[in-house]
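Just follow the structure's listing: the first ligand is 1, and inside any ligand the first atom is 1. As the structure is a computational prediction, the values presented were derived from the model and not from experiment.
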Amino acid sequence: MAYEFIQVRTEGERVGVITLNRPKQLNALSPALMVELGQALKAFEADEAIGCIVLTGSEKAFAAGADIGAMATYTFADVYGDDYITRDWETIRSIRKPVIAAVSGFALGGGCELAMMCDFIIAADNARFGQPEIKLGIIPGAGGTQRLPRAVGKSKAMDLALTGRMMNADEAERAGLVSRVVPLDKLMDEALAAALTISGMGRLAVMAAKECVNRAFEGPLADGVMFERRLFHALFATEDQKEGMDAFVAKRAPQFKHR
Ligand code: CO8
């Protein structure tokens with residue numbers, strides 16, 4: 001499929017890579033880009049060969065936010081009546097395969113929110129994160145006020161949302177927003193290596209792990225633990241569990257089914 005605002009490729013046959021591609025606008029997330037992103041995510045989700053997806057931008061910007069030019073004329077009827085945000089921004093949340101954000105440069109506003117919708121973030125040492133919406137007279141609108149405090153705690157989330165300041169990659173790693181920081185020129189190598197590792201695991205276990213970790217943010221602890229237990233038990237019905245454990249006992253590499 002031909003896309004205008006993103007680039008799509010596969011890596012090592014099992015990893016899908018989506019690159020946001022509006023370089024002149026620092027990958028500002030226009031409505032058309034978000035539609036394409038949703039289409040590409042759904043296509044990788046449906047592709048049985050793909051086990052993990054990497055979402056990235058350019059060296060200068062993962063994404064500098066929602067497209068301010070497009071938003072400038074929105075009315076309440078546009079954003080609320082047409083359910084624009086839910087419609088086009090939350091497709092990524094329905095994807096059951098892991099999505100890794102490989103972030104270099106600016107990840108601001110909707111760009112930071114998009115990165116936080118991914119399953120984990122690997123940051124280049126030049127990455128800068130922030131929720132600067134307050135400077136535009138608005139607040140984050142794609143989950144930033146909810147996901148940021150869960151990731152970095154209330155104090156830092158308030159600091160970022162109220163002052164609109166940016167934090168660099170080191171601060172983001174200390175705060176727990178990103179899983180690792182790597183030199184800029186190693187960003188894609190690192191993200192692809194992680195994605196290849198994940199895509200080599202048993203698909204059902206990967207899906208279950210993602211679902212369970214997400215549960216940790218969506219309900220009481222006891223419910224999350226019970227959900228995890230049920231999926232843990234269910235995985236003993238899979239061939240991958242037999243293969244993984246037999247391989248360990250026989251001191252050989254496992255051959256997972258990948259489906
Ligand atoms: N939207 C549209 N265009 C943008 C955006 C953006 N978010 N960010 C940058 N651009 C454009 C600039 O206008 C400029 O275009 P041109 O060359 O035509 O003038 C080009 O990208 C390059 O930008 P700069 O010249 O400003 O580059 P600098 O290196 O000087 O500065 C910054 C980089 C600091 C990133 C700066 O561009 C900036 O502050 N950008 C805006 C950041 C921002 O406020 N982001 C939040 C936007 S609001 C939001 O994301 C709400 C999300 C809600 C989700 C739901 C949506 C409905």
Counting only heavy atoms not in Glu13, do more than 12 fall under 6.0 Å of its CD? no
Ion pair check, Arg180 and Glu190, cut-off under 4.0 Å: yes
Does a sphere of radius 6.0 Å around CD in Glu59 hold more than 12 heavy atoms from other residues, nucleotides or ligands, not counting ones at 6.0 Å or beyond? no
Answer yes or no for Pro140: is there a heavy-atom contact with ligand 1 below 4.0 Å? no
Give the atoms of ligand 1, by number and element, whose distance to some non-hydrogen atom of Pro132 is under 4.0 Å. 43 (C), 44 (O), 45 (N), 46 (C)
Does the cation-pi check pass for Arg150 over Phe217, that is, NZ or CZ under 6.0 Å from the six-membered ring centre and within 45° of its axis? no
N or O pair under 3.5 Å between Phe106 and ligand 1: no
In terms of its nearest heavy atom to atom 20 (C) of ligand 1, the top option of Met71, Lys24, Glu133 is Lys24
Quick check on contacts: which atoms of ligand 1 are under 4.0 angstrom from a heavy atom of Leu108? 35 (C), 42 (C)
Check Gly105 against Asn126 and note the closest heavy-atom contact, atom names and distance. N-OD1, 3.1 Å
State the atoms of ligand 1, each with its element, that fall below the 4.0 Å cut-off from a heavy-atom position in Gly110. 49 (C), 50 (O), 52 (C)
What I want to find out is whether Asp159 reaches Arg165 closely enough, with some N-O distance under 4.0 Å, to be called a salt bridge. yes
If you draw the axis of the six-membered ring of Phe106, does the NZ or CZ of Arg128 fall within 45° of it and under 6.0 Å from the ring centre? no
Give a yes/no on ligand 1: does Glu113 have at least one heavy atom closer than 4.0 angstrom to it? yes
Using distance alone, decide if ligand 1 has a nitrogen or oxygen within less than 3.5 Å of any nitrogen or oxygen in Ala66. yes
Examine Ile138 against ligand 1 and note whether any of their N/O atoms are separated by less than 3.5 Å. no
Got an N/O contact under 3.5 Å between Gly141 and ligand 1? no
Is the shortest N/O to N/O distance between Trp89 and ligand 1 below 3.5 Å? no
Answer side chain, backbone, both or neither: which part of Ala28 comes under 4.0 Å from ligand 1, heavy atoms only. side chain
For ligand 1, does Val79 get within less than 4.0 Å through its side chain, its backbone, both, or neither, judged by non-hydrogen atoms? neither
Heavy atom of Lys60 under 4.0 Å from ligand 1? yes
Is any NZ, NE, NH1 or NH2 atom of the basic residue among Glu239 and Lys242 found under 4.0 Å from an Asp or Glu carboxylate oxygen of the other? no
Leu136 heavy atoms within 4.0 Å reach ligand 1 at atoms 44 (O), 47 (C), 48 (S)
Given side chains that start at C-beta, do those of Leu37 and Tyr3 come closer than 4.5 Å, heavy atoms only? no
Under 4.0 Å from one or more heavy atoms of Gly109, ligand 1 contributes atoms 46 (C), 50 (O)
Angle class for the Phe76/Tyr80 ring planes (parallel below 30°, perpendicular above 60°, tilted otherwise)? parallel
